[in-house]
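These notes concern the structure reproduced below.
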Amino acid sequence: MSNIEAHTVAYVRDTMLPEQTPPITEKGAVKWLRENLFSGWLNSVLTVLSLLVIWWALAAIGPWLLNTIWNAGSLRECREILDGTPGACFAVINDRWHQLLFGFYPSQHYWRPTLAFVLLLASLAPVLFTNLPRKLLYVSAAYPFVAYHLLWGGSIWLPVSAALGFVAGFVAFVFARRVNGLLAVFAAVLAPIFWWLFLAQPFNAGLSSVLPIGLEFVRSDRFGGFLISLVIGVTGISLSLPLGILLALGRQSDMVFVKSVCVIFIEFIRGVPLITLLFTASLLLNYFLPPGTSFDLILRVIIMVTLFAAAYMAEVIRGGLAALPRGQYEAADALGLDYWKAQRLIIMPQALKISIPGIVNTFIGLFKDTTLVVFIGLLDPIGLSNAIRADTDWNGIYWELFIFIGALFFLFCFGISRYSMYLERKLKTDHR
Amino acid sequence: MSEPVVEMPVDRKIDISQMKVSDEIAIQITGMNKWFGSFHVLRDIDMTVNRGERIVICGPSGSGKSTLIRCINRLEEHQAGQIIVDGTELTSDLKNIDKVRSEVGMVFQHFNLFPHLTILENCTLAPIWVRKTPKKEAEEIAMHFLEKVKIPEQALKYPGQLSGGQQQRVAIARSLCMRPRIMLFDEPTSALDPEMIKEVLDTMIQLAEEGMTMICVTHEMGFAQAVANRVIFMDQGQIVEQNRPTEFFKNPKSERTKLFLSQILGH
C-alpha cells in the first residue's frame, strides 16, 4: 500500500493495518533503564554520582546501626560492651520507651492510653474509609467522650453530661425544624448552651453522689511523651478542619460583619508565631480570665493550636474554592439548592478535593508543631529526651533518642500522607 | 437568504411551528433595567412569554441576551422594573427566588455538570434535596429522562467520561428531573463540535413538541426557523426587533437586524 504515490488523489484503503508489538528497546527493563537512568551523558553522570553518595552514606551509618546494643543499663555500660567499635546504643529506648510514650502517666494505668489509642484507630476507620458500614460513625461520634474519660478519668458523669448537651441540641433541632428552619438553627445552638450552663452541673453532681463510678483521675501534668503529641495533634486536626471551612466560607461571605471578623481573625493568627500563642496560652490567658477560673494547660494549648491551624486551613480551603469554576455555583443555584445545601453537596466536596495536598500539609505541620509545647513546660517527646539525658545513666546520648522520636513522627506523618494520596486517587473522577 | 445553518429532520410527527400556544402568561417582564457597575447592560426590557411559547433570542455578543435570561432565574439581579415568573415576582426575597428556580430549568453553554458525581447522581441531587423526593423514586425519574435524551447506559459514569454532546444532554435531563414548567437555554450548542450540535438540538426539538415553554439564546438559525414561534433580536441591551421566524428571516425590519442576519447567514 505504501508505494502509492502521494499525488494520487483517488485512494481507498481496503484493509486496515493490524496493531504491531513495539521493538525490544521500547519495553521492559532496558527501556526503563535507558529512559530513567542513562538517557544522556549528564543523566548518566548524575546516576553514577547518586549511587556513590548513597554508598558513602550507607557505609558510614550501616556499621553503626548494625552494631546496636539493645540491653544495657546506662550509656557507660553500652560503651564498655562496644569497646571502642562504632555502634548505636538503642538500649536507652529499651530502658525508657514507656516514658517516651506516656510521660509520667501512672504505670498501672498504661492500659488506659493504650486502649484510647486502639479505639482511636477504630473510630477513625469509618471516617477515613467510606466503604465501611455507616453505622460505625456512631462509634466515632462517641469517641471524644470515651477517650476523655479513659485518659483523664474522674467521674464518668462529666463526659456523659457534656455529650448530653449535643444530644439536647440535636433533639431541639429536630423538633424546631417542624416549625421553621431558622428557629431550628437557633434551637440547636441555644439548647446545648443552656444545658451546659445550667443543667449539666447539677446533673453531674447529683449522679456522681448517687452513682460514683469512674476511673481514677489523672492530672494533666502527668501526661507526656507521644501521648501528649497525639492528644494535641489529633484534637487539633479534627477541630481545625471544620473551623477552617467555616472561616473560609465566612471570608467569602457577602455579609460585611461576618467577613471582617473572619478576615481579622485569619490575618491576626497568621501574622503571629505559634510559639507566641503558646506562651499566651500558658502565661497570659490566666490574667485575662476571671479570677478563680483555672483552665487545664493542655486544653489551653489545644485551643491555641487549633485556632492556629484553622487560620491556615481557611486559606488553603479558600484556594480550593477559588479554583472552582463559577458555573458550579450557578448550576447549583439554578437547580434551586439553597446556600448550605449547595456548599455541602456541590462546592465543598470539590473544593476540599482540590485542597487535599494543602490540607494534609497543614495537618502534618500541626502534628509536628506539637513538639513546640516543650517551651511552655509540657513534656512532649523532645522534652522527655532532655529529661532522660538529665539522668546520669544516660547523660550524653542524643542520636538514638532523636532517631526513635523521629521514626515515630515519621510513621504518623507518612501514614497521613499515604492516606491523602489514596484519597486523591479515589476522588479522581474528572478524568482529565 | 441562504440555507439555514443546521438542517432540521423532516420526519417530525408534529409540525411544531403550527402548535397552539396557551393564553396563560408564564413570564412577564416590564420596564426591566440592569447595570454591571456603571455599564447599562439591559435597557427597558418589556417582554411577555405565554405558556407553551418557544422563543429564540439572538443578537451580537455583548448584546445582553444571556444576561436577560439569567435574570429570569435570578442568577443576575435586576435593578429596576419587574419580572414575574409563574405568578411569583422576583425580588430579593430568597423564598421566592428558590421557588422560581425550582420551577425554571436552565441549561448552560458549558454544561456545568457536577464532576464529582455520577450522571445519575447529577440528575437525582436536586429532586432529593430540593423536592424531597425519595431516593428510589428520584432515580426512576432520572432514568426516565436519561432514556428520553437517549443516554441511559451512561448513568453510572462520571461527566468527564462523556462527550460534549452527551454532557449537554445530561444537563438537559438534569433540569427536566425537577419537572420545570419553563426551560432556559443559554447558548446550549456554542461549546460543541459540529457533529454533536444536532443531537442536542434534536433533544430540544423533542421538548418543544411536548409543549415546554422555552427561551433559548442561540445562533442556530435553523433551529429558530423550525421550532420557535417568536424570534427576538437584541442589540446594546435592547430588544430591537421581534417577529415570527418566517417574517423575521425574510423581512427583517431594522438595519441592525439585516446586518446581523447577513453576517451569520451570508457565508
Side-chain angles (χ1 to χ4, degrees), chain A residues 130-131 134 174 177-185 245 253-256 258 317 320-356 359 420 422-432, chain B residues 66 69-70 72-77 92 94-119 121-132 156-162 170-171 174-180 182-186 191:
Chain A
T130 45
N131 46 3
R134 298 288 79 200
V174 168
R177 194 169 53 177
R178 291 183 195 163
V179 185
N180 178 317
L182 194 65
L183 185 72
V185 175
I245 291 175
S253 167
D254 294 333
M255 289 178 273
V256 181
V258 173
I317 293 168
L321 287 171
L324 272 199
R326 218 175 67 142
Q328 293 293 310
Y329 292 88
E330 288 178 351
D333 283 348
L335 284 170
L337 293 166
D338 63 31
Y339 176 81
W340 290 109
K341 280 178 190 155
Q343 289 298 338
R344 188 177 130 206
L345 301 164
I346 310 296
I347 307 303
M348 270 307 149
Q350 296 185 63
L352 290 180
K353 191 189 93 180
I354 299 172
S355 332
I356 286 175
I359 291 174
S420 85
Y422 154 81
L423 199 61
E424 275 183 74
R425 264 198 314 279
K426 196 182 82 166
L427 296 180
K428 186 170 166 36
T429 56
D430 50 0
H431 303 277
R432 268 190 288 204
Chain B
S66 285
I69 70 165
R70 288 158 60 87
I72 294 174
N73 65 354
R74 193 85 174 182
L75 286 183
E76 303 286 355
E77 198 178 318
S92 52
L94 288 176
K95 239 187 190 140
N96 284 352
I97 294 173
D98 282 341
K99 184 160 170 252
V100 165
R101 281 175 177 168
S102 62
E103 298 296 333
V104 178
M106 180 146 194
V107 175
F108 299 87
Q109 181 177 0
H110 296 288
F111 332 134
N112 297 353
L113 294 178
F114 305 130
H116 63 301
L117 300 175
T118 62
I119 300 304
E121 287 166 341
N122 262 281
C123 293
T124 56
L125 184 112
I128 290 175
W129 291 94
V130 180
R131 289 246 192 273
K132 313 281 177 215
L156 298 180
K157 288 194 183 166
Y158 285 95
Q161 293 165 290
L162 269 55
V170 171
R174 177 176 73 177
S175 294
L176 292 176
C177 285
M178 286 293 280
R179 310 266 186 187
I182 299 165
M183 284 289 282
L184 308 174
F185 293 86
D186 187 1

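Quick note on labels: first sequence line is chain A, next is B, and so on, each numbered from 1. These values consider heavy atoms only, across backbone and side chains, with no hydrogens, waters or symmetry-generated copies.
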Take A:E330 and B:R70 through the side chain to side chain contact (heavy atoms under 4.5 Å, CB included) test and state the conclusion after the steps.
CA-CA 10 Å; A:E330 288 178 351; B:R70 288 158 60 87; 2.6 Å; yes
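The number of heavy-atom neighbours closer than 6.0 Å to CZ of A:R326, taken from other residues, nucleotides and ligands shown, is 12 or below.
A donor-acceptor contact shorter than 3.5 Å links the side chain of B:N112 to the backbone of A:G327. Within the 3.5 Å criterion, the main-chain N or O of A:L345 finds a donor-acceptor partner in the side chain of B:H116. Side chain of A:Q350 to main chain of B:F114: no donor-acceptor pair is present (N/O by atom type, distance under 3.5 Å, no hydrogens or angles). With A:K341 contributing its side chain and B:W129 its backbone, the two residues share a donor-acceptor pair below 3.5 Å.
Under the 4.5 Å side-chain criterion, counting only non-hydrogen atoms from C-beta, B:R174 is in contact with A:L335. A heavy-atom distance below 4.5 Å is not found between the side chains of A:P325 and B:H110.
Contact annotation for B:V104: only backbone heavy atoms (N, CA, C, O) come within less than 4.5 Å of a heavy atom of chain A. For B:L184, no part lies under 4.5 angstrom from a heavy atom of chain A. Contact of B:E76 with chain A is made through the side chain alone, with heavy-atom distances under 4.5 Å.
Most heavy-atom pairs under 4.5 Å with chain A: of the set B:I97, B:L125, B:L94, B:D98, this distinction falls to B:L125.
Considering every non-hydrogen atom in both A:A334 and B:F108, the closest pair reads CB-CZ, 3.9 Å. Considering all non-hydrogen atoms of both residues, A:G336 and B:R101 come closest at CA-CB, 3.9 Å.
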